[in-house]
Amino acid sequence: MNRVQRDIEELQPRIDLASPRPLKVVLPILLSGDLVQSPEHLGPAYIGAVLRNAGATVTIIEAVIGNDDAALDAIVASRPDIVGLSITTVAVDQARQFGVRLRDALGDSVFVVAGGPVATHLGIGLLTTPGWEFLDGLIRGEGEIPMLRLAEALHGSRNLSAVPNLSYRYGDRVQQNLMQPGVSDLNSLPFPVRDQLRMHKGRLPYVRVSTSRGCTAFCTFCNAPHVRNRVGPPVKAWRGVSPQRVVDEVEMLVRTYGCNTFDFVDSTFEDPGGGAIGKGRIEAIANEILARGLKIYFNVCMQAYNWTEADRPLLKLLWRAGLEKVCVGIESGNEADLLRWQKRSTVEDNRRVVRLLQEVGVHVAFGFIAFHPWSTFEEIRENQAFLRANVGHNLRRYTVRLELYPGAEVIEQLRAERMLAEDFFETLNPYGYIYRDPRVYTLATCVNAMFGAEYAETCKIRDEPAVFKFETYSVVVHDFITRIARACPEDQASLEILHEFKAIVATAKKDMAEHNFALMSELTDLAERDLLQVKHVVRWAEPTEEFFNERMQFIETEKIRCGLRLRRHGFDVGLIGGDAVARSRISA
């Protein structure tokens, strides 16, 4: 039996989960991290699709962290047999707190199971960690087939020993079952259920679509599935959905829900390897979007070293198909750090990809690690110079600290060098490490205190400062510009108005870059001389808040003026907002 036939067979139910009564499964979505921006979670959505095909009743419930009473009440009222929690790396504490309350509310009759990257990499260790007693079990790796087998076991024989990838409590012991590979042929999976999209009447900032799984890179700070941190039996490091099926799903979402903005959640859009096969695949996706006349916008992730001047025609094609924003894993502006993180890119690769994308008309977002346990002041200053010259208007990127996630190779490196906090695996504190140079610790902590004392310690924030708001606002302004440019490609007068506005925005961003560089240079100098205190940072906080607010207000005024000029010229700016007719078809 080949892998495709095996996938099809494994995804078929072995018993009817609808008989003698439907098995009830609840999949809570804990809204944290990027799920706050757009709440749809594809992991539970795929599992929900597989379980519904087998006859189970599946309910997806959103839980707002810190205000989850309504979600808990809804879960209890549904009288579930199984509750499945997906624990994301940015919401470990929230998941633990929610799980404790969940168990208290449900009692012992419900099987509570966890999945996601934390459960995958910790396995039995999570079940034996204090605070996680509320869990009956967890699923490691991809969850569609294991969750189907678990549902069948609990609905029938209750023999859990044959459920693949399952770790579970067995009396006073913890049992860990054998793992099996994930689905090899992603085309064999059903489309994920879209309950959350329906409950929000299609009005989400963007809709997630997965076109692949895995990654051919091996970044040491990353715990997403890639070449060197795979868990379980061998499976291809990367698997892709066919271009036709990708666009089939996109078209279905456009026609059914009126969506027009998509986030392709692949670790690297141009995988495998960023060569001819990977780029041929995404070229086919772009051509298929254009051939079907889909007026959409989409965001992707890319790796810097995969893109050169020779790829400009492909980037232009992707832009015409709707590419609007790219998140690039830049991570550093110095060569030493890039080697440390096992990045294949060089600083020149990073500079080049930013320039290429901006010239094509794509908004550049990026990952960056400004501070880490091994940072030197020379490396910190190289990072600051890189940011100033390329994307320096984004102050938060000057302040980001390395975050530790279970499964990342860097954790073992820190442990080997005795720089990992002794209680890391109990607390899972993402900043649970020791800095080699205590002055760097002072700098990293103090600069983050600009966004509040709580943020400096936990990276959690209550009242969003202007620096954070500008990150989102910058995307909004870019989308305004690029969507008008797409809508009137031959209208020279409109494009000239737009060009003038772009120049105004560029000047404002340059001013912000100079402000940010001056701020960080002063604080870095003080830290290197071992003189930095929180009071020095606080002195910058209010002027920076005022500066960013003033820049946003200025840009918004110019944006309104640009829109008015375009209307007087005859261009309706409202046309770039989406298909209102399509949205009206969404059911309540």
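This chain uses plain numbering: 1 for the first residue, then up along the sequence.
Smallest separation of non-hydrogen atoms from Glu412 and Phe425: OE2-CZ, 4.4 Å. Looking at every heavy atom in both residues, Thr427 comes nearest to Arg96 through O-NH2, 3.6 Å. Heavy atoms only, all atoms of each residue included: Ala49 and Pro192 are closest at CB-CA, 4.3 Å.
Counting only distance, with no hydrogens or angles, the side chain of Ser167 and the backbone of Gly123 share no donor-acceptor pair below 3.5 Å. In this structure, the side chain of Asp266 does not engage the main chain of Thr268 through any donor-acceptor pair within 3.5 Å. Judged by distance alone, the side chain of Lys279 and the main-chain N or O of Asn306 form a donor-acceptor pair under 3.5 Å. Put simply, the side chain of Asn177 gets close to the backbone of Leu160: a donor and an acceptor are under 3.5 Å apart. Proximity of a side-chain donor or acceptor of Glu270 to a complementary backbone N or O of Gln303 within less than 3.5 Å is detected.
Pairs of residues two or more places apart, or lying in two chains, that qualify as side chain to side chain donor-acceptor pair (under 3.5 Å) and include a residue from residues 239-251 are Glu142-Arg239, Arg194-Glu249, Asp248-Arg292, Glu251-Arg255, Glu251-Arg292. Note on residues 64-87: pairs passing salt bridge (Lys or Arg N to Asp or Glu O under 4.0 Å), not counting sequence neighbours, are Arg21-Asp81, Asp68-Arg101, Asp69-Arg101. Sorted by first then second residue, the side chain to side chain donor-acceptor pair (under 3.5 Å) pairs that include residues 116-141, not counting sequence neighbours, are Arg103-Asp136. Residue pairs that meet the salt bridge (Lys or Arg N to Asp or Glu O under 4.0 Å) test with at least one member in residues 153-180, sequence neighbours left out, do not exist here. Residue pairs satisfying the salt bridge (Lys or Arg N to Asp or Glu O under 4.0 Å) criterion with at least one member in residues 107-116, sequence neighbours excluded, are absent. Among residues at least two apart or in separate chains, there is no ring pair (Phe, Tyr, Trp, His ring centres under 6.0 Å) pair with a member in residues 140-171. For residues 12-49, no residue pair satisfies the ring pair (Phe, Tyr, Trp, His ring centres under 6.0 Å) rule, not counting sequence neighbours.
Remark: Arg52 engages Val58, Val193, Asp195 in a side-chain contact (heavy atoms from CB on, under 4.5 Å) (not counting sequence neighbours). Residues passing the side-chain contact (heavy atoms from CB on, under 4.5 Å) test with Val90, sequence neighbours excluded: Ser32, Thr88, Tyr405. Checked against salt bridge (charged side-chain N to carboxylate O under 4.0 Å, His left out), Glu10 has the following partners two or more places apart in sequence or in another chain: Arg14, Arg149. Residues meeting the side-chain contact (heavy atoms from CB on, under 4.5 Å) test with Ala151, sequence neighbours left out: Leu17, Leu23, Leu51, Ile82. For Pro243, the side-chain contact (heavy atoms from CB on, under 4.5 Å) criterion is met by Arg281, Ala284, Ile285, not counting sequence neighbours.
With salt bridges taken as basic N to acidic carboxylate O contacts below 4.0 Å, none links Glu9 and Arg6.
Within a 6.0 Å radius of CG in Leu178, no more than 12 heavy atoms belonging to other residues, nucleotides or ligands are found.
For the atom pair OH of Tyr206 and CD1 of Ile296, the computed distance is 16.0 Å after rounding to the nearest 0.5 Å.
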Exercise for the section: Start with the C-alpha distance between Thr220 and Gln342, add both sets of side-chain angles, then the distance that settles side chain to side chain donor-acceptor pair (under 3.5 Å), and finish with yes or no. Expected result: CA-CA 6 Å; Thr220 60; Gln342 296 287 321; over 6 Å; no
